[in-house]
Number of protein chains: 4
Amino acid sequence: MREVSSSYTVSLHYDRRLYRQDIAGSIAHAGMLAKQGIIAEEEAGEIIDGLAEIKAEIEEEKFQWRPELEDIHMNIENRLYEKIGDVAGKLHTARSRNDQVALDVRMFTKDAITEVVSALHDLRRSLVEKADANADVVMPGYTHVQRAQPVLFAHHMLAYFEMFGRDIERFRQAYDRADVMPLGSGALAGLPYPLDREFVARELGFSRISTNSMDAVSDRDFLLDYQSASAICIMHLSRMGEELVYWSSDEFGFIRLSEEYTTGSSIMPQKRNPDFAEIARGKTGRVYGHLIGLLTTLKGLPLTYNRDMQEDKEGFFDTHDTLLDTLNAFSGMVSGMSLNPDRMREAAQGSYVLATDIADYLVAKGMPFREAHGVVARLSDFAIEEGKSFHEIALDRYKKFSELFESDVLEISVDSSIAARDVPGGTSFSQVKRALADARAALEAENGQ
Amino acid sequence: MREVSSSYTVSLHYDRRLYRQDIAGSIAHAGMLAKQGIIAEEEAGEIIDGLAEIKAEIEEEKFQWRPELEDIHMNIENRLYEKIGDVAGKLHTARSRNDQVALDVRMFTKDAITEVVSALHDLRRSLVEKADANADVVMPGYTHVQRAQPVLFAHHMLAYFEMFGRDIERFRQAYDRADVMPLGSGALAGLPYPLDREFVARELGFSRISTNSMDAVSDRDFLLDYQSASAICIMHLSRMGEELVYWSSDEFGFIRLSEEYTTGSSIMPQKRNPDFAEIARGKTGRVYGHLIGLLTTLKGLPLTYNRDMQEDKEGFFDTHDTLLDTLNAFSGMVSGMSLNPDRMREAAQGSYVLATDIADYLVAKGMPFREAHGVVARLSDFAIEEGKSFHEIALDRYKKFSELFESDVLEISVDSSIAARDVPGGTSFSQVKRALADARAALEAENGQ
Amino acid sequence: MREVSSSYTVSLHYDRRLYRQDIAGSIAHAGMLAKQGIIAEEEAGEIIDGLAEIKAEIEEEKFQWRPELEDIHMNIENRLYEKIGDVAGKLHTARSRNDQVALDVRMFTKDAITEVVSALHDLRRSLVEKADANADVVMPGYTHVQRAQPVLFAHHMLAYFEMFGRDIERFRQAYDRADVMPLGSGALAGLPYPLDREFVARELGFSRISTNSMDAVSDRDFLLDYQSASAICIMHLSRMGEELVYWSSDEFGFIRLSEEYTTGSSIMPQKRNPDFAEIARGKTGRVYGHLIGLLTTLKGLPLTYNRDMQEDKEGFFDTHDTLLDTLNAFSGMVSGMSLNPDRMREAAQGSYVLATDIADYLVAKGMPFREAHGVVARLSDFAIEEGKSFHEIALDRYKKFSELFESDVLEISVDSSIAARDVPGGTSFSQVKRALADARAALEAENGQ
Amino acid sequence: MREVSSSYTVSLHYDRRLYRQDIAGSIAHAGMLAKQGIIAEEEAGEIIDGLAEIKAEIEEEKFQWRPELEDIHMNIENRLYEKIGDVAGKLHTARSRNDQVALDVRMFTKDAITEVVSALHDLRRSLVEKADANADVVMPGYTHVQRAQPVLFAHHMLAYFEMFGRDIERFRQAYDRADVMPLGSGALAGLPYPLDREFVARELGFSRISTNSMDAVSDRDFLLDYQSASAICIMHLSRMGEELVYWSSDEFGFIRLSEEYTTGSSIMPQKRNPDFAEIARGKTGRVYGHLIGLLTTLKGLPLTYNRDMQEDKEGFFDTHDTLLDTLNAFSGMVSGMSLNPDRMREAAQGSYVLATDIADYLVAKGMPFREAHGVVARLSDFAIEEGKSFHEIALDRYKKFSELFESDVLEISVDSSIAARDVPGGTSFSQVKRALADARAALEAENGQ
């Protein structure tokens, strides 16, 4: 018979990341047991001192990890016995592995979200700074990857600012759902001791305690909240990654990513492969996969704890590391990229993207919308046939299409087109200026939180 | 060359569900155009009357759907031309298909969430009522599908009450993210007209307007929020479905589902296959699939609108129908199921599930936790060998394991075990009574919203 | 209590597609029952005639579908009773719904695969024809969406030819796994009748019978095989869709898709949005979703039949329709697209893509590989600084970088680069010519199958 | 600016597993270069000796891994320079990282499949042995988790034998698709050297060479084939895991898993939590996740190599490790589990599961099928009312339901029911005996391969 590798049930290689949470949780628990008279004050003191020493050992990398003890909890528990003897056993009074694990993972999740929100904040700041520094850069806005209407580059950047703002909101809501203290639920049914659960919650910075012990040990919703927020966030990043990749191509030529986030070719020194943007886009798969993985694991599981749930952590940790690095990579890519404003403006002028503006011009002069569209369609046909841009058509030719055309039709330009879209949320200079001011204010407000 | 079926690009067969939202949106838009002097009051009046008639035609099933017009928007637009002639064209002033679709789907999402929250509320009420009506029923609590500790059936039901409460919260947050009015974003860049977007938002019951036009037409986060909330919700339902299936088996024999939610066998009249619980569990796949489907579709899409995004609706509608029906099926199953309290209590007594209580008894008498565990392990070994339950062991035998045992050890029972877990969130009668009161209060509060 | 919509358990709206398979299966079963003396010949005759009439009714759209009978099987069964009375009941001798459904879905799957393979064949032919017709068109080959080396357009098309060839192989293997006749397995345990299962298999064109009754009614592997083959196939199509979208952009400008597969803008007549390529790319989500959906549904299901498995069909049918249409759309897009060979060649010349060829030139003259790379790196630096292409550098300047350069270095060109890659599988004219011949031969061979 | 962790682009921590494949590939490449006169024999000799030494260093754990070199390829390349100096550079003649990586991963995949097929073979053997050793054990067959008909335990085990047999077939087909030698494709376009690609293929044990260079560096189908075969395989395992979990419960009580694959409770010594079966079932999520992850990564990627594709390996390796361990765990669980045949038979007798047999009895006596069903339904009603099993009903009572009943109706039993299902694939003793013989023969045949 072949052997199952010992790592099959062992989780130490990933759950040791929970050491801070595990120790903090144990300290709070021991303190509460003493306060409630369940164990003696001195016993609690010994336990707490022992745990503090273990934490120091781990952080100074002096701790001897023992995989044969399977997980972080047993490693710490065992070390505590070594240090303080049988008193260590008292720590496990009125606590089960089930509520202990739930506590540790919730604490880690809260910390993880705090990190992600901070990285999202930084990325948003990078976007605003890049937009600010290039406030007058014009580029084509696309639909169907076809040039559609001119927009400000800053407006485009602020579209991402919005997306990442929603991500922050979503992660904060995930934080709230993680912010529930489960200790005191026992294995599943609660515990036969006079516990002060609210005290433990306060000590550990939780805003409330769980209200049903069976749910408390079965619930991994907070991880799904984290994972689905991450999936949506990396979807946003994959869209931006796609744009950075194509904008870096010879064909678009809109941007140049900094060396730090590209790899070159020894033989083609001018070449810069946008590797970070590609890897980031590729990592979308991993994050989606971890979401569907946890959903699959939880599907159809009866209450309460089943060992299947051990699978909740590894994908979560990997999602967290991936997301954090990817956010930081985008902050760096955005900050470091240089634009090619001439190429961008040129692209915005081509392709008869001003056709809509000419139609709107006629509507403004009183022509019904649909009729205006017909006139411009004929005008475009003519222009294409002649191989001319709208600017190169003489006014008297315009008048053959409609008497409403005046000389000011020749003033329709990329800039006038942009200026005209002066509605809240639109790409006009003034709207984008205001939007940038709002964005800076939002960043300030976030900073203050 | 083989033909692509005409339905490939046609969306009418599913997007006609948006007719109410589309018409309401157009009416608000026409009203705003008139208010702002962009079209004449009489024009707006004609448009609005025409749209009202079209709505009536649809609801009276007199509307002639024309698939060759591809979608709901063109069907309504075309009918409006038939009714009021060229004035119909004015409706499309200052509006693009891109912001129109975004508006319709957001409105539908808000309505959908309202329905789902209501169905979740009903299911929560069914759980509380069933728990209330069986407040004294005892059953085994399981870990690893092994009997672990006795719990109240009501406590188990309230664990689901918690889950569905989180679902409501999650859907409400999805509602907030859908509650943003995108009209006025145009194709992608905003519009060159003096629009009053806040007016349109108020008319349509939105709490705010979108703040970046490119984001507004690219964003489908609100659908992902809906889909991931649905995925988590149906995961909860799949867990309950699994329990109902097994509890209905001959082996468990805890419950009997009502005929309405089971199918029989003509030849085995006593047999009741828990078909609804199975189908519900099976439909988890569909809902997960639609979530991953939309995430996949959006992965790597550049801004702004791409036709790929037409794929956003069909899975969403199917998820919505599935979830609503499944929630209602569970409300019905919970309300209609009858319990077999004797069988449940009997199961809670077996399997030495009181061993933990005996250990806690010794701890309460002063024995250290770990030592107590050792004593009970030896006691259990003895009991198994003798083929006796803990109750069948005489006190003097107990005393051979520890002098701390007194006659009250024989009072340890399923009921005393439950009573002892009197910590907030625990399964004791008083805690569950309080939790039920809290649950009823929460339902009242929800009703008032 | 809210009602569950009647469609929750009803499958008629989708499983009526199985009518041909269901009737053919019943006819074969009735014939076998008579052959084995289990029912009388005349009884079988009545049953078979009745079924033939029902089939005609359905195909002439005269059949009255009754949703309250829930599924296709009950609709046909009920109609048979109406037609021939109680003899109809004999058809169900020695058959269960469980093996009947398995049979129908297997037969449908086999038919579905035959259709898909044919559509893949057509697409492969379109690719070869387009490659043939443009055998001398040169374009840049890309890595990282950066121009890397010149290739023949035909070579690029043949890369897709390979992918779709693997798809055919994969679908054929799925066919083999579907090609197992399950009837005779009964509900799960086999049947107490002297059946001739091999006879039924032959009648229905199956190559073999199932060998374990419990597996036969539990197994949906053949659908997963179909779904995963479809997921991989549409992944290929999404890659091609992405390329068609970008090649259609102003920035690339390599191709122009035919009107049939694009949508225009009334106001910008030259504009062609590549809607079919986008929708196809978008539909990747749906196909991935159905795969994960079925995997989820089957996860953790105990043997044998569970009602969850009713969920196996709807996603399968949708995948099938989607895939078939998408394949046909690509056949049409490929056949109908026109190239812009000048633009493509021009792009292949830019960006110093010939640097590698110059290095290989030096290696051929005896310089070690790594040294050659260094020389060309310096040469490229020089060229970029001077703003010159490699062709514009004089030979004596070349010689300053290495004495090995001779006048023939100036002969290095897009065409010489392509010609040099004359290794099996390479992009040289002769290799591609041979590959095209092989491709045509493969198509011929497939046709003959 | 926050830093991106250096591991973001580094793949060394997982791709070092490819060292054997990478070195073997390089040796074959160097040999071919010499054979073709592209490099000198002595140069090839130095390279090959150097690589052999590096392999030894790695296997003796003396190799100094350098993460800053990012991947396995650069680590080996760099070490070769250290060892043999500039000649090392000649190894990279006529090879690109793109075709090198494709080669390594294909070789690893082939090895991985060989291991998985062997583990599947072992599991199949365990099933057959367990079935053989318990050839007369009877248990209930279930539909809807309701007892439906008695079956042999061996028949149930052979259902899994079938599933894992299909898995082997699927993995072998994946092997064939991996078995294509890509070296010689260069970066994407082929190489300008007189390579002998067939020679390299033979050296490395490949059955054929790739036929399109662009496809060869873009293609990861073989990994998707592996991942989808794995997803289907672990779905099978999850079904078996679910059954082992429930069969181990107090309620079913059919089996007892060996200590090796369970964890106990210190305090409840009789308790055995089926942890391995649970973890295995939980790991389904991970394997599904990696499949969807890779599908997502590849969605919409243009040709040819994009850095996104670096994400192809980590999930693949994790799937492989997971699957192999899980298969081995199941082999062990199956071999080590002990049955409770009395409990299983008892369960098979309950619940009126013989009703179908009584109906078939009447049909055999000439009663039409549907009429027989009616009689048995009434008989069952009577039995339930009287609280009797079918055996406890007197013959004269039977006759009141139908005159066709004779005394032999009382001989209908679990055993007669099983014996009667004597159709190929059925559960009768003789059929199962034959199926076991076929299974053993299949195992022999596999062994010989």
Side-chain angles (χ1 to χ4, degrees), chain A residues 89-90 92-93 141 143-144 148-149 151 155-156 158-159 162 166 173 184-185 187-192 195 197 209-215 221 224 228 231-232 235 238-239 242-243 281 284 288 292 295 298-307 360 368-370 420-421 423-427, chain B residues 89-90 92-93 141 143-144 148-149 151 155-156 158-159 162 166 173 184-185 187-192 195 197 209-215 221 224 228 231-232 235 238-239 242-243 281 284 288 292 295 298-307 360 368-370 420-421 423-427:
Chain A
K90 299 242 168 169
H92 306 295
T93 314
T143 56
H144 310 267
Q149 286 170 357
V151 295
H155 193 55
H156 197 131
L158 287 176
E162 292 291 317
R166 285 192 297 276
Q173 292 165 348
S185 302
L188 78 149
L191 288 153
L195 308 176
R197 301 186 58 213
I209 61 168
S210 61
T211 53
N212 181 291
S213 60
M214 296 181 79
D215 177 51
D221 281 15
L224 288 171
S228 63
I232 296 174
M235 179 273 286
S238 79
R239 299 184 75 165
E242 170 95 353
E243 297 206 315
R281 189 178 56 184
T284 310
Y288 286 10
I292 207 68
L295 282 168
L298 293 172
K299 181 237 169 184
L301 278 196
L303 303 189
T304 57
Y305 183 80
N306 300 280
R307 188 76 187 264
D360 284 325
F369 185 79
R370 169 162 284 205
R421 282 165 169 76
V423 67
T427 194
Chain B
K90 300 242 168 171
H92 307 295
T93 313
T143 55
H144 309 267
Q149 286 170 356
V151 295
H155 193 56
H156 196 131
L158 287 176
E162 292 293 315
R166 284 192 297 275
Q173 291 165 347
S185 301
L188 78 149
L191 288 153
L195 307 177
R197 298 185 60 211
I209 62 169
S210 61
T211 53
N212 181 290
S213 60
M214 296 181 79
D215 177 52
D221 281 15
L224 289 171
S228 64
I232 297 173
M235 178 273 284
S238 79
R239 300 183 75 165
E242 171 95 352
E243 298 207 314
R281 190 179 55 185
T284 311
Y288 286 10
I292 207 67
L295 282 168
L298 293 172
K299 180 236 167 182
L301 278 196
L303 302 190
T304 57
Y305 184 80
N306 300 280
R307 187 75 188 265
D360 285 325
F369 186 80
R370 170 164 283 205
R421 282 164 170 78
V423 66
T427 194

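What you see is a predicted model; the values in this text were computed from it and never measured.
Comparing A/His156, A/His155, A/Arg307 by how many heavy-atom pairs each has under 4.5 Å with chain B, the most go to A/His155. Counting heavy-atom pairs closer than 4.5 Å to chain B, the top residue among A/Arg281, A/His92, A/Gln173, A/Lys90 is A/Gln173. Interface remark: of the candidates A/Asn306, A/Leu224, A/Leu301, A/Leu301 forms the most heavy-atom pairs closer than 4.5 Å to chain B. In terms of heavy-atom pairs under 4.5 angstrom with chain A, the leader among B/Ala420, B/Ala187, B/Ser238, B/Ala189 is B/Ala189. With chain B as partner, the option from A/Leu158, A/Thr427, A/Leu188, A/Thr93 having the largest number of non-hydrogen pairs under 4.5 angstrom is A/Leu188. Of the listed residues (A/Ala231, A/Gly190, A/Gly89, A/Ala148), the greatest number of heavy-atom pairs within a distance under 4.5 Å of chain B belongs to A/Gly190. If you tally non-hydrogen atom pairs under 4.5 Å between each of A/Gly184, A/Gly141, A/Ser185, A/Pro424 and chain B, the highest count goes to A/Pro424.
With sequence neighbours excluded, no residue forms a salt bridge (charged side-chain N to carboxylate O under 4.0 Å, His left out) with B/Arg239. Judged as a side-chain hydrogen bond (donor to acceptor under 3.5 Å, both in side chains), and not counting sequence neighbours, the contacts of B/Ser210 are B/Arg197.
Between B/Asp221 and A/Met235, the closest side-chain pair of non-hydrogen atoms falls below 4.5 Å.
Side-chain atoms of B/Thr143 never come within 3.5 Å of backbone atoms of A/Thr304 as a donor-acceptor pair (strictly under, hydrogens ignored). When atom types are taken as modelled, the side chain of A/Glu243 and the backbone of B/Leu303 share a donor-acceptor pair closer than 3.5 angstrom.
Summarising the geometry of A/Pro192 relative to B/Asp360, their closest heavy-atom pair is CG-OD2, 3.2 Å, with the distance given to 0.1 Å. Scanning both residues, A/Ser213 and B/Gly426, for their nearest heavy atoms gives OG-CA, 4.1 Å. Of all the heavy atoms in A/Tyr288 and B/Ile292, the pair that sits closest is CB-CD1, 4.1 Å.
Proximity to chain A is limited to the side chain of B/Ile209, based on heavy atoms less than 4.5 angstrom apart.
If you take CD on B/Glu162 and OG1 on A/Thr211, they are separated by 3.0 Å, rounding to the nearest 0.5 Å.
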